[in-house]
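Quick notes on the structure that follows.
The structure displayed is predicted, hence computed values, not measured ones. Both ligands and their constituent atoms are indexed starting at 1 by order of listing.
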Amino acid sequence: MKLVASVFVLALAFLSQALENGLMRTPPMGWLAWERFRCNIDCKKDPQNCISEKLFMEMANCLVTDGWKDLGYVYVNIDDCWMAKERDARGQLVPDPERFPSGIRALADYVHSLGLKLGIYGDLGTHTCSGYPGTTLDQIEQDAFTFAEWGVDMLKLDGCYSSAEYQAQGYPRMTKALNATGRQIAYSCSWPAYQGGLPPQVNYSLLTNICNLWRNYDDIQDSWDSILSIVDWFSKHQDVLQPAAGPGHWNDPDMLIIGNFGLSEEQSRSQMALWTVLAAPLFLSTDLRSISQSSQEILQNKLMIKINQDPLGIQGRRILQEKSHIEVFLRPLSHSASALVFFSRRTDMPYCYTTSLAQLNYTHNTIYEVQDVYSGDIISGLKTADNFTVVINPSGVVMWYLYPTMYLDRSFSFINHLYKSETKKFHPFPL
Ligand SMILES: *[C@@H]1O[C@H](CO)[C@@H](O)[C@H](O)[C@H]1NC(C)=O
Ligand SMILES: *[C@@H]1O[C@H](CO)[C@@H](O)[C@H](O)[C@H]1NC(C)=O
Ligand SMILES: *[C@@H]1O[C@H](CO)[C@@H](O)[C@H](O)[C@H]1NC(C)=O
Ligand SMILES: *[C@@H]1O[C@H](CO)[C@@H](O)[C@H](O)[C@H]1NC(C)=O
């Protein structure tokens, strides 16, 4: 009786710990303008790349025609610099009339007609980071209503020109305001990125109640150093961050910069693998009109996306930092599967890293089938105690998808024979 009661309490506690808008049960995927296109508003000099309705429509077209949408990349998200410099006479936010002549409602309609979703940007404060009109506390309900009326599907609420007190009041109030519109609008909070301190002075259990995702740390830049600083920060604070993530509420290490200028091919593969084990949102921020075939292949890797979108939504962790500057990351997945990322921080040459699943604390004495996520190679019959060697390129990764084969493999009797008495210990798992 006592046990039943406490399980019940646990279940209630869990239920109350999630934003109840039903959205983003797996990490969101889409395209976000900021990292690649910033606040480029000069449509006279640079009509192809300026922040305008044309840019978002073209990216939406690419998402559909180049196979992104079918893989789950469905959000088309506007960032800063879409607004006119002033609100209108009714105090309503308005888009820049020259760059968004058709208005946001028309853009949302267009995006929806393609089966995609539209995201927009605001800032809880007097101004956005680039100096456009902010959302002050008394404008929260009005702006939420405006976004809903336009048919917007997601809001990123930044925190420039604000204060701690302001944010503590404003971020939860926007949750209520979005809910009150009656439209399902996913909510990305930049709040923690503005809360300092080490470890960060953030109430993550509150965040899981009010936001679908949140930016924890600095803006990503188009460089490998930026990736490393984000990975290190997330790993250093993983005891706090990792438990906060789950279906409907995600840590956001910021956009994918793959396809731009700062990463080599190895580094591009590393960002994709690391973001995937971190159960990170996958927001492309690159020019989809001219992306290279090799970048597209990395971003469209089906097994990678399946791992990122695993329904359990468990964020992975860095489990090892070797003296050899090899790091190992692990993400548990549904159906007793898992993903391992072997990441080289070395700068010399490909490194042969030898280990075993037992050394990585895989405790079940079972047999795994392994698929290399990038090469597609399959290793069958890997036992927990078997030593294996992976060859990891400098600033690169080897990524493995592992699943136990004990009750699935056609050669069941063969395995059964190998394992004899062990077999009884295995629990069947659903697939
Ligand atoms: C608003 O919140 C309630 C729970 O408090 C939830 O049932 C409802 O679906 C939410 N509505 C929207 C539009 O998110
Ligand atoms: C964090 O937020 C939760 C949920 O809103 C609340 O119950 C708790 O008291 C907060 N913790 C702190 C330390 O403020
Ligand atoms: C394996 O587990 C032991 C004991 O809990 C722990 O000390 C060690 O760090 C773990 N190793 C890995 C790679 O997780
Ligand atoms: C794996 O390698 C370790 C030493 O690195 C060795 O002690 C162990 O016997 C090896 N295991 C197997 C199954 O070969």
Q) Taking atom types as modelled, is there a side-chain donor on Gln267 or Ser270 under 3.5 Å from an acceptor on the other? A) no
Q: Do me a favour and list the nearest non-hydrogen protein atom to atom 4 (C) of ligand 2 with residue, atom name and distance?
A: Asn209 ND2, 3.8 Å
Q: Give yes if a backbone or side-chain nitrogen or oxygen of Gln359 is under 3.5 Å from a nitrogen or oxygen of ligand 3, and no if not.
A: no
Q. With respect to atom 10 (C) of ligand 1, which of Asn179, Ile185, Thr181 exhibits the smallest heavy-atom separation?
A. Asn179
Q.
Which residue and atom name correspond to the protein heavy atom nearest atom 9 (O) of ligand 1, and how close is it?
A. Glu20 O, 3.7 Å
**Q.** Those atoms of ligand 1 less than 4.0 Å from some heavy atom in Asn21
**A.** 14 (O)
(Q) Under 4.0 Å from a heavy atom of Leu320: which atoms of ligand 3 are those, numbered in the order shown and with their elements? (A) 13 (C)
**Q.** Pair His237-Asn216, side-chain donor/acceptor within less than 3.5 Å
**A.** no
Q.
So does Gly396 get a backbone contact from the side chain of Arg269, meaning a donor-acceptor N/O pair under 3.5 Å?
A. no
Q: Looking only at protein heavy atoms, identify the closest one to atom 14 (O) of ligand 2 and say how far it is in Å.
A: Asn203 ND2, 3.5 Å
Q: Check whether any side-chain N or O of Arg318 sits under 3.5 Å from a backbone N or O of Gln321 as a donor-acceptor pair, and report yes or no.
A: no
Q) What is the closest protein heavy atom to atom 8 (C) of ligand 3, and at what distance does it sit? A) Asn361 ND2, 3.8 Å
**Q.** Validation row: Leu241, Trp233 side chains within 4.5 angstrom (heavy atoms)
**A.** yes
Q) Closest non-hydrogen protein atom to atom 5 (O) of ligand 2, residue and atom name please, with distance? A) Leu206 CD1, 3.5 Å
(Q) Could you report the tightest heavy-atom contact between Val111 and Ala60, atom names first, then the distance? (A) CG2-CB, 4.3 Å
Q.
Less than 4.0 Å from atom 2 (O) of ligand 3, is there any heavy atom belonging to the protein?
A. yes
Q.
At less than 4.0 angstrom from any non-hydrogen atom of Arg183, what atoms of ligand 1 do you find?
A. 13 (C)
Q.
Is there a side-chain contact between Trp275 and Ile230 in this structure, where contact means two heavy atoms from C-beta onward sitting under 4.5 Å apart?
A. yes
Q. Above 12 or not: heavy atoms from other molecules or residues under 6.0 Å from NZ of Lys54?
A. yes
